[in-house]
Amino acid sequence: MSVDNKVWITAEAYLAKNLSTDELGLLEIKIGEDKNFASEFHDACSLLRSLNNAGSQQKFKNNLATINQKIKEESAVKPRKIALSMQYLRTAGVAAVVAILASVGSMWVMEHNSHNNTSKYSELRKEIRSDLENIKQSQSRIIKDLNNKANKPQIENKYSGTGFALSNDGYLVTNYHVTKGADSLYIQTRDGNYYKAYTVSFDATADIAILKIQAKNFKFSKNAQIPYSFANTKSGLGTQVYTLGYPQNDAVYSEGYISSRNGYLGDSLQYRLELPADPGQSGAPVLDASGNIVAIVTAKESKSVGTTFAVSTKAMLKLLRGIPESVNIRLPKSSKLTNLSRNQQIEKIQDFTCVVKVYGN
Amino acid sequence: MQHPLNREQILLEGLVANDRLATEQVYRDNHKTVIAWVSARGGSSTDGEDVFQEAMVILFQKAQQAEFRLSCKIGTYLVAVSKYIWYKKLQQQQRQPDFLPHGNGDEDGVHEDRIYEDDIKVQEEREVHFEQLNLALEELGEPCRSLLKAFYNEDKSMQEIAKSFGYTNQDNAKTQKYKCLTRLKKLFYNAQVNK
């Protein structure tokens with residue numbers, strides 16, 4: 001066991017108050033005699049304290065977020081709340097147990113129901129199977145591979161989706177369900193290069209994840225700015241929209257319109273679109289004619305062709321507001337696409353969209 | 001029946017121990033007051049939630065200290081701190097420069113004011129410190145970053161970590177953890193010195 005380990009073991013035991021009186025005595029003597037050890041030990045303790053404290057604060061904040069979510073959901077269902085005075089605490093306790101049982105019961109029912117519904121709603125992340133489909137790689141992809149692109153992981157990815165840039169320096173957004181359960185995430189940009197990314201923040205309910213490309217000095221485009229902007233209000237029924245995603249290794253364009261301002265089962269975070277989408281297109285941007293991103297493709301109705309659900313950018317902006325200010329994401333302020341033809345728009349957008357490749361079990 | 005003060009003490013202890021139910025109780029007891037207060041002063045209900053949650057975190061951290069005694073009710077403290085956070089936010093947005101409610105002139109009020117401001121300041125410094133720690137963690141790279149996060153943020157046991165990171169046994173995982181900690185220590189304190 002090396003000297004380093006010993007310092008850490010002692011510091012851990014000391015902080016957990018697991019040292020006996022004898023051991024404490026010896027430790028004090030050592031600290032008094034060995035100045036070097038004393039400072040090592042002191043640094044180790046304060047680092048461990050910080051790590052522990054940062055960890056528990058994070059847990060506390062997560063708790064707060066969950067509680068807030070829970071309270072909001074309750075008040076959406078039943079706005080009336082009866083105050084409990086102290087003498088009713090015992091009754092309240094019983095009631096709470098009943099409530100917990102009931103909610104477990106209803107969760108089971110919900111779970112049950114949602115199973116019945118699965119046939120109607122399918123998320124659009126694409127599973128990569130090692131069969132023929134994989135062999136039928138498009139020519140351009142093979143050419144790209146021949147160029148031996150930097151950082152390409154050795155193994156094949158498990159799932160893929162689409163992502164698009166929030167800022168030129170490597171923040172991007174995709175669906176949460178694309179990244180769920182990932183061991184590692186890579187994005188492949190238009191030029192075919194691979195970059196490792198990590199999750200900065202996510203909202204499972206809204207199905208949005210914010211990722212950041214790890215490489216320092218990364219730029220989606222060396223000479224252009226992000227051409228689109230983000231709509232912060234919900235667009236109206238019938239708005240013409242189009243999307244650009246990666247159900248295969250080349251970008252695929254499709255267009256349609258907003259067919260309902262609310263999404264699957266009336267989800268107000270979503271839009272319902274008449275717009276064809278395929279697996280792999282999850283996370284693709286949905287733009288209106290003047291180049292504002294209004295939504296993010298997330299799922300489609302399984303049984304019909306062409307009905308797609310997309311999360312509104314409003315939900316995304318809300319998630320972004322929750323990110324600490326120290327994470328500095330500078331969103332594009334105005335659209336540079338307004339007066340361009342559709343072809344020109346797509347050409348400009350393509351540099352800022354990418355394939356999100358998910359590796360894991 | 002519990003004595004009301006006793007109830008406060010139990011809730012605080014639960015808060016310190018990161019107990020979900022106690023946290024939820026404190027949250028429910030107070031969030032509406034704060035949200036209503038902020039809403040009446042030009043904030044949205046989301047602003048109110050943010051402010052309240054920041055106040056909760058400050059209380060959480062303050063209560064971690066062994067010498068901590070709350071001289072007033074939990075609710076009183078949370079509301080007072082929330083007010084200061086909101087005024088501070090307004091000031092930062094320069095909507096209302098130089099407007100902090102400084103006591104009513106009496107000694108006691110001024111004293112309390114200082115405490116709330118100090119608590120907020122200490123927490124801000126703490127967040128900066130955590131941010132630096134996080135930067136150092138990011139710089140560590142894999143697998144150290146994930147391993148330390150699994151242990152300190154996700155409460156995974158060394159056994160679980162050994163399994164999910166593919167170490168043959170717990171001792172190997174521990175040795176790796178200590179290696180990571182040693183590297184983190186270098187990164188972190190070097191960053192501190194260079195600052």
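Throughout, a chain's letter reflects where its sequence line sits, starting with A, and its residues are numbered from 1. Note that the structure is a prediction, hence the values are computed from the model and not measured.
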### Task
May I ask you to name which of Gln214(A), Gln57(A), Glu12(A) has the most heavy-atom pairs under 4.5 Å with chain B?
Gln57(A)
### Per-residue contact mode, Thr66(A) against chain B (heavy atom under 4.5 angstrom)
side chain
### Query
Which residues pass the salt bridge (Lys or Arg N to Asp or Glu O under 4.0 Å) test with Glu13(B), sequence neighbours left out?
none
### Task
Indicate yes or no for a side-chain donor-acceptor contact from Tyr189(B) to the backbone of Asp43(A) under 3.5 Å, with no hydrogens or angles considered.
yes
### Message
Tell me whether Glu40(A) is salt-bridged to Lys185(B), with the criterion being a basic N under 4.0 Å from an acidic carboxylate O.
### Response
yes
### Gln53(B), part contacting chain A, at a heavy-atom distance under 4.5 Å
both
### Under the salt bridge (Lys or Arg N to Asp or Glu O under 4.0 Å) test, residues paired with Lys314(A) that sit two or more places apart
none
### Query
Based on non-hydrogen pairs under 4.5 Å, which of Asn63(A), Asn52(A), Asn68(A) is most in contact with chain B?
Asn68(A)
### Task
To the nearest 0.5 Å, tell me how far Trp8(A) CH2 sits from Cys180(B) SG.
10.5 Å
### Query
NZ/Lys59(A) to CG/Asn153(B) distance, rounded to the nearest 0.5 angstrom?
7.5 Å
### Task
Working to the nearest 0.5 Å, report the span between CG of Leu51(A) and CG of Leu148(B).
6.5 Å
#### Entry: Neighbourhood of chain A inside residues 54-61 of chain B, taking heavy atoms under 4.5 Å as contact
Met56(B), Val57(B), Phe60(B), Gln61(B)
### Message
Could you walk me through whether Asn53(A) and Phe130(B) satisfy the side chain to side chain contact (heavy atoms under 4.5 Å, CB included) test, starting with their C-alpha distance in whole Å, then the side-chain angles of each, then the deciding distance to 0.1 Å, before giving a yes or no?
### Response
CA-CA 9 Å; Asn53(A) 191 233; Phe130(B) 286 170; 3.1 Å; yes
### Query
Do you know which of Leu133(B), Leu181(B), Asn134(B) has the most heavy-atom pairs with chain A at a distance under 4.5 angstrom?
Leu181(B)
### Message
Any heavy-atom pair between the side chains of Leu15(B) and Phe60(A) that's under 4.5 Å?
### Response
yes
### Query
Does the salt bridge (Lys or Arg N to Asp or Glu O under 4.0 Å) test come out yes or no for Glu127(B) and Lys61(A), once each step is laid out?
CA-CA 12 Å; Glu127(B) 298 279 0; Lys61(A) 282 186 176 174; 3.1 Å; yes
### Task
Please answer whether the main-chain N or O of Ser56(A) pairs with a side-chain N or O of Asn18(B) as donor and acceptor at a distance below 3.5 Å.
yes
### Query
Quick one: salt bridge (Lys or Arg N to Asp or Glu O under 4.0 Å) partners of Lys156(B), sequence neighbours excluded?
Glu154(B)
### Residues Glu138(B) and Lys212(A) bridged, charged N to O under 4.0 Å
no
### Query
How long is the gap from CG on Asn62(A) to CZ on Arg20(B), to the nearest 0.5 Å?
10.5 Å
### Distance in Å, Arg321(A) CZ paired with Asp50(B) CG, rounded so as to fall on 0.5 Å steps
9.5 Å
